[in-house]
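Quick notes on the structure that follows.
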Number of protein chains: 2
Amino acid sequence: MSEAPTRVRRTAADRRKQLIGIGLRMLTVRPIHQVTVDEVAAEAGISRSLLFHYFPTKQDYYVEVVRAAGRRLLRSAQPGDDARAIVEGYVAFIERRRTQYVGLFRASGLDDWVKEIHDETQDELSVRVMSALGLVEPPEPVVLAVRAWWAFAEELTIEWTGRERTDREALVGLLLSALDNVVLLARDI
Amino acid sequence: MSEAPTRVRRTAADRRKQLIGIGLRMLTVRPIHQVTVDEVAAEAGISRSLLFHYFPTKQDYYVEVVRAAGRRLLRSAQPGDDARAIVEGYVAFIERRRTQYVGLFRASGLDDWVKEIHDETQDELSVRVMSALGLVEPPEPVVLAVRAWWAFAEELTIEWTGRERTDREALVGLLLSALDNVVLLARDI
DNA sequence: CCTCCTATTGAGCGTTGCTCAACAAGGTAC
DNA sequence: GTACCTTGTTGAGCAACGCTCAATAGGAGG
């Protein structure tokens, strides 16, 4: 009987990787609570129960997926003690994985925990940028301003790339100039 | 028997207003899909079924609630052909209803439809600000930049008021200066 | 070939969103 | 005052979904 689809037995690490990969694909299209556990399981060719074996709850699963996406982003926006390099890496990442980024961090359910991961990522980016600008122990307004500037950068980059504008350099230049200006303004408070 | 809690019979408009009011209160604390229909109904002292009579689906209910919050915000940031007045109104609103705003538009589930309402609101704000700055038919980069600047303003205002900083004037000044600069930068592209 | 570890499953429970047919409050007509 | 009729209101019940648990089976090691 070759009907039975030869149940493969994978190692734990393999399965986790596979499941997270599926999440990275599925959860970009529609938000979590519109994606059922059964769907993910079906896509992976396993039973619901097994998913719950690896991720105690649906939230836990989703958190892992979002974390994975966050790590990818941070890897793309490497330190390199140059603000321009960071911003370029960031823009390039969103150009490459726009729908994924939007789906996971924005259009999807921004519950407390997702917001938390998103914040952590943005905080890390802020730290990198401030250190690249030579800002050591900046006053609170500057920290808040840089953090908010990343929100600006996120929004602008997503919309910009959404309109399929190809002049990436113009975008990066605009972002960097705005950053300089914002830091300058916040400093004088 | 005064045991029976005297079932009151309200007009349709009244009930809707009551239910939306409850939503405005409940959905600020935790995101939608953590709030059950039964809870809302219990709070209102009615049966689940009645809620579904007024709002065909839970989403429809939530959308109405978010819409109501959006209208409130727009009312607070009136035109007044002065950019400063608009920004001041915006900041004042978030100072007053911080948790509500955050709960409905950010910490809560940003499904497509909520994102849509949020976008509509921000678009309207962008239009107002651009018209206040005397920008008629601005080029696309300027539109995108102003839109992104609102994301900056939202983030900064929320964090700023979160730290209980009292110098509202400094915040407004910073926001307006950043806006000027961003518009200037985007114009030259 | 036996054994043991663990990846894997199926049956099932509780909650939650949603439907539907029936009930009752209150204004109107006679 | 009573019959009526519009419509606000309810309770029972279904289906989907998240999650649990005891039991099964694949495969590496002796």
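Source: prediction; values computed, not measured. Here is how names work: the chains are called A, B, and so on, in the same order as the sequence lines, proteins then strands, and each is numbered from 1. Side-chain atoms are counted along with the backbone in the values below, which use heavy atoms only and exclude waters and symmetry mates.
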Test item: [X] side-chain N/O and [Y] main-chain N/O as donor-acceptor pair under 3.5 Å:
| X | Y | result |
| --- | --- | --- |
| B:Arg75 | B:Gly70 | no |
| A:Tyr62 | A:Leu104 | yes |
| A:Gln100 | A:Leu24 | yes |

Interatomic distance where [atom1] belongs to [X] and [atom2] belongs to [N] [whole Å]:
| X | N | atom1 | atom2 | result |
| --- | --- | --- | --- | --- |
| B:Leu51 | C:dT19 | CG | P | 12 Å |
| B:Leu50 | D:dT7 | CG | C1' | 11 Å |
| A:Arg16 | C:dA7 | CZ | P | 11 Å |
| A:Ile46 | D:dA25 | CD1 | P | 18 Å |
| A:Phe55 | D:dT20 | CZ | P | 15 Å |
| B:Arg10 | D:dT10 | CZ | C1' | 17 Å |
| A:Gln34 | D:dA16 | CD | C1' | 14 Å |
| A:Glu39 | D:dG18 | CD | C1' | 14 Å |

Short heteroatom pairs, N/O only, protein and nucleotides 15-18 of chain C, under 3.5 Å:
residue: C:dG17; atom: OP1; partner: B:Lys58; partner atom: NZ; Å: 2.6
residue: C:dG17; atom: OP2; partner: B:Val37; partner atom: N; Å: 3.0
residue: C:dC18; atom: OP1; partner: B:Thr57; partner atom: OG1; Å: 2.7
residue: C:dC18; atom: OP2; partner: B:Thr57; partner atom: OG1; Å: 3.3
residue: C:dC18; atom: OP2; partner: B:Lys58; partner atom: N; Å: 2.7

Worksheet entry | Aromatic ring proximity, centroids under 6.0 angstrom, A:Trp150 and A:Tyr90 |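 Centroid distance A:Tyr90-A:Trp150: below 6.0 Å, so yes.
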Practice prompt. Among the candidates C:dT9, D:dT9, C:dA7, find the nucleotide nearest to the side-chain atoms of A:Arg9.
Written response: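 Taking heavy atoms from C-beta onward, the closest nucleotide is C:dA7.
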Discussion item. Check for me, please, whether A:Leu74 and A:Trp113 land in the same ILVMFWY cluster - side-chain distances under 4.5 Å, paths through other members count.
Written reply: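 Shared cluster, yes.
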Side-chain donor-acceptor distances from residues 37-46 of chain B under 3.5 Å, at least two apart:
residue: B:Asp38; atom: OD2; partner: B:Arg48; partner atom: NE; Å: 3.1
residue: B:Glu39; atom: OE1; partner: B:Thr36; partner atom: N; Å: 3.2
residue: B:Glu39; atom: OE2; partner: B:Arg30; partner atom: NH1; Å: 3.4
residue: B:Glu39; atom: OE2; partner: B:Arg30; partner atom: NH2; Å: 2.6
residue: B:Glu43; atom: OE2; partner: B:Arg25; partner atom: NH1; Å: 3.3

OP1 or OP2 of [N] versus the side-chain N and O atoms of [X]: is any pair under 4.0 Å?
| X | N | answer |
| --- | --- | --- |
| B:Arg15 | D:dT9 | yes |
| A:Tyr61 | D:dG18 | no |
| A:His53 | C:dA7 | yes |

Distance-only check: which donor-acceptor pairs under 3.5 Å involve side-chain atoms of residues 133-144 of chain B, not counting sequence neighbours?
residue: B:Glu140; atom: OE1; partner: A:Arg165; partner atom: NH1; Å: 2.4
residue: B:Glu140; atom: OE2; partner: A:Arg163; partner atom: NH1; Å: 3.1

Pairs under 3.5 angstrom only: tabulate donor-acceptor contacts from the side chains of residues 168-184 of chain B to other protein residues two or more places apart or in another chain.
residue: B:Arg168; atom: NE; partner: B:Glu95; partner atom: OE1; Å: 3.1
residue: B:Arg168; atom: NE; partner: B:Glu95; partner atom: OE2; Å: 3.4
residue: B:Arg168; atom: NH2; partner: B:Glu95; partner atom: OE1; Å: 2.8
residue: B:Glu169; atom: OE1; partner: B:Arg84; partner atom: NH1; Å: 3.2
residue: B:Ser177; atom: OG; partner: B:Gly173; partner atom: O; Å: 3.0

Fill in: Donor-acceptor pair present, B:Ser49 side chain and D:dG11 base, under 3.5 Å
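Answer is yes: a donor-acceptor pair is held.
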Worksheet entry | Any pair counted as side chain to side chain donor-acceptor pair (under 3.5 Å), so long as it reaches residues 12-21 of chain B, sequence neighbours left out |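 Only B:Arg15-B:Gln18 qualify under side chain to side chain donor-acceptor pair (under 3.5 Å).
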Listing time: all N or O pairs from protein to nucleotides 28-30 of chain D that are below 3.5 Å?
none

